[in-house]
Amino acid sequence: MSPAAIIAPSILSADFAELGKACADTIAQGADWLHVDIMDGHFVPNMTFGAPVVTKIRPHVDRPAGAYGKGTFDCHMMIAEPKRWVKDFKSAGCDLYCFHYEAAISSTAADSPSGTSDAKTSPKELIKYIHSLDMQAGIAIKPSTPVDVLWEILENSVQEERPDMVLIMTVEPGFGGQSFMASELPKVAALRKKYPELNIEVDGGLSEKTIDQAADAGANVIVAGSAVFGASDPGEVIRKLREAVDVRRGKL
Ligand SMILES: O=C(CO)[C@@H](O)[C@H](O)COP(=O)(O)O
Ligand SMILES: [Fe+2]
């Protein structure tokens with residue numbers, strides 16, 4: 001049976017002047033995780049915030065130490081140098097550090113914004129490093145990246161080098177409120193077929209209108225920003241997203 005639904009509202013669409021309260025309210029309304037979009041203006045053409053803001057909002061949400069249940073901070077790192085910020089985000093209270101494959105493979109001393117050798121990494125090394133700091137590791141791919149790049153990483157026999165979650169972007173990363181790209185769903189279906197128990201996250205344009213397609217393909221971790229924060233009853237949207245995923249469990 002595929003894993004249970006995990007609903008992770010993206011706080012990119014929350015009121016940034018009230019971010020701590022927005023996080024607490026969203027968990028109280030039934031969200032499982034909080035999806036925290038970190039953008040650096042290099043990897044994507046937009047900027048959000050860094051570890052100091054995460055440090056400030058983290059105490060607004062309870063979660064048992066060391067657990068990855070309700071209240072998990074799912075940090076989506078849309079940044080050019082994913083290795084560089086792992087420790088800072090661990091200290092800030094990040095539970096799941098999800099980096100982009102495209103950033104990891106091009107983070108070299110020559111082309112990184114910082115120009116430091118610390119930018120060098122490989123996806124497997126980075127996953128191992130994230131695990132060594134007791135966080136879960138996620139790997140994300142953009143719409144232009146084929147799912148095939150993930151097979152070697154997922155089939156690795158060394159457990160510390162395997163990701164806990166894969167994120168399939170269903171919009172171009174950078175902004176909330178974009179239209180859902182159904183063209184990305186065959187990636188989800190291919191992953192689910194090979195990995196029945198893997199957490200597969202979809203991010204971008206998810207709503208009550210698009211959730212059925214994503215759930216049919218096998219996604220179980222559902223990010224939704226504008227659909228949740230723009231709703232008059234966010235709790236109702238969260239319930240509907242969860243139900244759409246959970247009715248398909250066991251049928252995939
Ligand atoms: O990572 C991103 C955008 O780059 C997302 O997490 C968005 O914030 C999702 O917003 P909606 O498409 O649900 O409004
Ligand atoms: Fe995201």
Side-chain angles (χ1 to χ4, degrees), residues 5-16 19 22-23 26 29-50 53-54 57 72-80 82 85 89 94-104 136-145 163-185 187-188 199-215 219-232 234-238 240-242 244-245:
I6 294 172
I7 309 301
S10 162
I11 61 171
L12 185 61
S13 295
D15 178 355
F16 274 21
L19 214 41
C23 290
T26 309
Q29 284 155 348
D32 300 291
W33 296 357
L34 290 168
H35 183 84
V36 182
D37 287 305
I38 307 297
M39 306 185 189
D40 67 353
H42 292 281
F43 182 72
V44 287
N46 195 9
M47 293 170 80
T48 55
F49 49 79
V53 171
V54 176
I57 58 177
T72 284
F73 263 43
D74 163 29
C75 295
H76 178 193
M77 308 305 293
M78 288 166 274
I79 60 174
W85 302 102
F89 275 78
C94 165
D95 303 291
L96 194 165
Y97 190 97
C98 183
F99 65 91
H100 267 267
Y101 168 83
E102 304 85 359
Q136 286 200 338
I139 185 162
I141 56 170
K142 297 203 246 188
S144 55
T145 302
D164 304 287
M165 185 184 81
V166 168
L167 164 52
I168 300 298
M169 288 304 298
T170 44
V171 295
E172 284 301 335
F175 300 92
Q178 302 183 75
S179 298
F180 180 72
M181 295 169 69
S183 58
E184 300 312 294
L185 293 179
K187 295 178 183 176
V188 175
N199 274 335
I200 304 175
E201 182 172 64
V202 282
D203 181 10
L206 273 304
S207 70
E208 289 169 57
K209 287 189 184 137
T210 55
I211 186 63
D212 287 348
Q213 301 166 65
N220 73 297
V221 185
I222 310 299
V223 176
S226 44
V228 169
F229 287 97
S232 54
E236 180 65 8
V237 176
I238 291 167
K240 286 187 174 159
L241 295 175
R242 183 189 309 289
V245 174

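In each ligand, atom 1 is the first atom listed, and ligand 1 is the first ligand listed. Being a predicted model, the structure only gives us computed values, none of them experimental.
Between Leu12 and ligand 1, a contact under 3.5 Å exists for no N or O pair. Inclusion of Ser13 in the set of residues having an N or O under 3.5 Å from an N or O of ligand 1 is not warranted. For ligand 1, none of its N or O atoms has an N or O atom of Glu172 under 3.5 Å away.
None of Val245, Val237, Ile238 except one satisfies the side chain to side chain contact (heavy atoms under 4.5 Å, CB included) rule with Leu241; the exception is Val237. Applying the side chain to side chain contact (heavy atoms under 4.5 Å, CB included) test between Trp33 and each of Asp95, Val221, Thr26 identifies Val221 as the sole match.
Counting atoms of ligand 1 from 1 in the listed order, those under 4.0 Å from a heavy atom of Met39 are 4 (O). Atoms of ligand 1 lying under 4.0 Å from at least one heavy atom of Gly204, given by number and element, are 12 (O). If you number the atoms of ligand 1 from 1 as listed, the ones under 4.0 Å from a heavy atom of Ser10 come out as 6 (O), 8 (O). Close contacts of ligand 1 with Gly174, meaning ligand atoms under 4.0 Å from a residue heavy atom, involve 3 (C), 4 (O). Numbered from 1 in the order shown, with element, the atoms of ligand 1 that lie under 4.0 Å from a heavy atom of Phe175 read 3 (C), 4 (O). Taking a cut-off of under 4.0 Å to the non-hydrogen atoms of Ala224, the atoms of ligand 1 that pass are 13 (O). Close approach of ligand 1 to His76 is summarised as follows: ligand atoms under 4.0 Å from at least one heavy atom of the residue are 1 (O). For ligand 1, the atoms lying closer than 4.0 Å to a non-hydrogen atom of His35 are 6 (O).
Closest to the Fe ion (ligand 2) among the N, O or S atoms of Asp203 is OD2. Nearest N/O/S atom of His76 with respect to the Fe ion (ligand 2) is recorded as ND1. Sorting the N, O or S atoms of Asp37 by how far they are from the Fe ion (ligand 2) puts OD1 first. The atom name of the N/O/S atom in His35 closest to the Fe ion (ligand 2) is NE2.
A heavy-atom separation below 4.0 Å is found between Gly205 and ligand 1.
Going from atom SG of Cys98 over to atom CG of Asp203 covers 9.0 Å, rounded to the nearest 0.5 Å. From Ile168, atom CD1 reaches atom CD1 of Ile139 across 10.0 Å, with rounding to the nearest 0.5 Å.
Around atom 11 (P) of ligand 1, the closest heavy atom drawn from Gly230, Ala8, Ala227, Gly177 belongs to Gly177. Proximity annotation for atom 6 (O) of ligand 1: of Asp203, Val202, Thr48, Asp203 comes nearest, heavy atoms only.
Looking at every heavy atom in both residues, Met78 comes nearest to Val44 through O-CG2, 3.8 Å.
Scanning the protein for heavy atoms near atom 10 (O) of ligand 1, the closest one is Gly176 CA, 3.6 Å.
With Gln178 contributing its side chain and Gly204 its backbone, the two residues share no donor-acceptor pair below 3.5 Å. Judged by distance alone, the side chain of Lys142 and the main-chain N or O of His100 form no donor-acceptor pair under 3.5 Å. Between the side chain of Asp74 and the backbone N or O of Leu96 there is no donor-acceptor pair closer than 3.5 Å. The backbone N or O of Gly176 lies less than 3.5 Å from no partner atom in the side chain of Ser10, so there is not a single donor-acceptor pair.
Ion pair Glu208/Lys240 flagged as a salt bridge, since at least one NZ, NE, NH1 or NH2 atom sits closer than 4.0 Å to an Asp/Glu carboxylate oxygen.
Neither side chain, Asp37 nor Thr48, offers a donor N or O lying under 3.5 Å from an acceptor on the other.
Ring planes of Tyr97 and Phe89: perpendicular class, angle over 60° (limits at 30 and 60°).
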